[in-house]
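Computed from a predicted model, the values in this text were never measured in an experiment. Chain A is the first sequence line, chain B the second, and so forth, proteins listed ahead of strands; every chain is numbered from 1.
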Amino acid sequence: MTKYIPYLLYLWLIAMHQVFLADVTSIFGAKINLAVLIVLLIAMYKKEVTATWFGLLVGLIGFAGITEISAWQTLAMALIGLIAFHLKEKMNLDSLFARVSLIFGGVLVHNIILLLLEVNDNLFGSIIQYAITGAVYTTIIGTIFFLIKDGIFTFEKTKTIF
Amino acid sequence: MNKISNLFTRHFRNFHFIFIILTIVVLFAGEKMINPFLNQAVATVFYSPFSKMKNSFLELKSVSEDNALLSQALIDVSMKISFYEEASLENERLRTILGFHPPQNYTLEPAKVISISGEYTPITATINKGSNDSIWIDQPVINQQGLVGRVSSVSPDFSVVQLLTDPSNRVAARVVASREMGIVKYNTNSGMYLDNFPIQGDIAVNDKIISSGLGGVYPAGLTVGTVTEVIKEELEPFYKVKILPASNFYSLEEIFILREIIIE
């Protein structure tokens, strides 16, 4: 049972981000898509079933605070988790570029799906303004995460800069 | 039972995907029935604590901003109240002054006290009128309460008034009731007193003391003070008469210089 606690914490983290941090950390309308970022990270480091279930739960829970629960959202997130897992199987995950590309692609796809579900007019403009910028922003956060996880970016190294 | 367990283990992945697909199908099918309920439950469990925290934070921020605004407003209001209180007191003083008439053959030259000096008691006061306003040395100075002193030095724009509290100042005075005379002096230790008042004279507590007009500086009839104590000491030919000054030398603000009308 305790193995589910981290996932519950991730869900709370996503909820907290949606309520508190998303608006505060947005830059010119571009927001960090933490929900997809976490689903993609789970897909990279956990099993196929876990990634799909977690994607489904994030689709169910992660957006309840901002919109009504949408079956399409849930389906999209579950599929992102599943597809990301299978893509990662074909990729060399030792490569930072491969991981970053997977993050960028996954976030961009999800952002476009969000816009398709919510935006009615000027979809192309919205994709450029929000989807791509949001994907770049989230990818930067993801890259920082990988750099820390790989030990390339450490507190000691940061201290030496100053 | 074992068969079911083995079946589940062998088809673990498939069972999970069937559940996932079923969940999504239920969400699609029950969009109007299940989803609002689910939305409510999810919002309560996952979002409500953070929403409450956010609202509390925003409320606190708003209270803090209100507090800053109210503090500023309070300072403004306090300053206005202080200004109005000062204006009200000045108004009261000026109303009293309006009904105030100078002694005969004198005109009043109003002036403001700009500084007072003296170590323990005020001894001199600087006023904002000088020789440019026809102020000269030895002109008597009064306020609505009574005699204040005399002009002791003059510059073009300012003058210094020697107050009755200066021990070197003297006023020839008389008791209003008995018309008997003495000299009003000031001693730093015992305060204002009437000197040279013979024990044969008639004087009592609460008698009013006015200037006698003798001595050439102060005109007759200006209120100097009120008798507070009459002490007769053995073998002394004079009474020791203590006086409460009519003017409050600690709160001088508006004063008048008495300017004599010279009749040719």
inquiry  = Are A/Gln18 and B/Phe50 packed together at the side-chain level, in the sense that at least one heavy-atom pair is separated by less than 4.5 angstrom?
reply    = no
query = More than 12 foreign heavy atoms under 6.0 Å from CD of B/Glu59: is that the case here?
reply = no
key: From B/Lys54 atom NZ to A/Leu21 atom CG, the distance as rounded to the nearest 0.5 Å   = 9.5 Å
key: Closest non-hydrogen atom pair, B/Thr23 against A/Trp53   = OG1-CH2, 4.2 Å
key: Within 6.0 Å of OH in A/Tyr130, more than 12 heavy atoms from elsewhere   = no
key: Intermediate values then yes/no, side-chain contact (heavy atoms from CB on, under 4.5 Å), B/Phe17 and A/Leu82   = CA-CA 10 Å; B/Phe17 280 111; A/Leu82 181 67; 3.3 Å; yes
request  = Indicate yes or no: at least one non-hydrogen side-chain atom of A/Val19 is less than 4.5 angstrom from one of B/Phe46.
outcome  = no
query = Should we say atom CZ of B/Phe15 is surrounded by more than 12 heavy atoms from elsewhere, each under 6.0 Å from it?
reply = yes
What donor-acceptor contacts under 3.5 angstrom involve side-chain atoms of residues 68-90 of chain B, with partners at least two apart or in another chain?
| unit_1 | atom_1 | unit_2 | atom_2 | d |
| --- | --- | --- | --- | --- |
| B/Ser71 | OG | B/Asn67 | O | 2.8 |
| B/Ser78 | OG | B/Leu74 | O | 2.8 |
| B/Glu90 | OE2 | B/Lys112 | NZ | 3.4 |

request  = Without swapping roles, check the side chain of B/Tyr47 against the backbone of A/Trp12 for a donor-acceptor pair under 3.5 Å.
outcome  = no
request  = Any chance you could measure B/His16, atom NE2, to A/Leu56, atom CG, to the nearest 0.5 Å?
outcome  = 12.5 Å
query = What are the two closest non-hydrogen atoms of A/Thr74 and B/Ile24, and how far apart are they?
reply = CG2-CG1, 4.5 Å
task = State, with a plain yes or no, whether a side-chain heavy atom of B/Phe28 is found less than 4.5 Å away from one of A/Leu75.
result = yes
task = Anything in residues 39-48 of chain A with a heavy-atom distance to chain B below 4.5 Å? Please list those residues in order.
result = A/Glu48
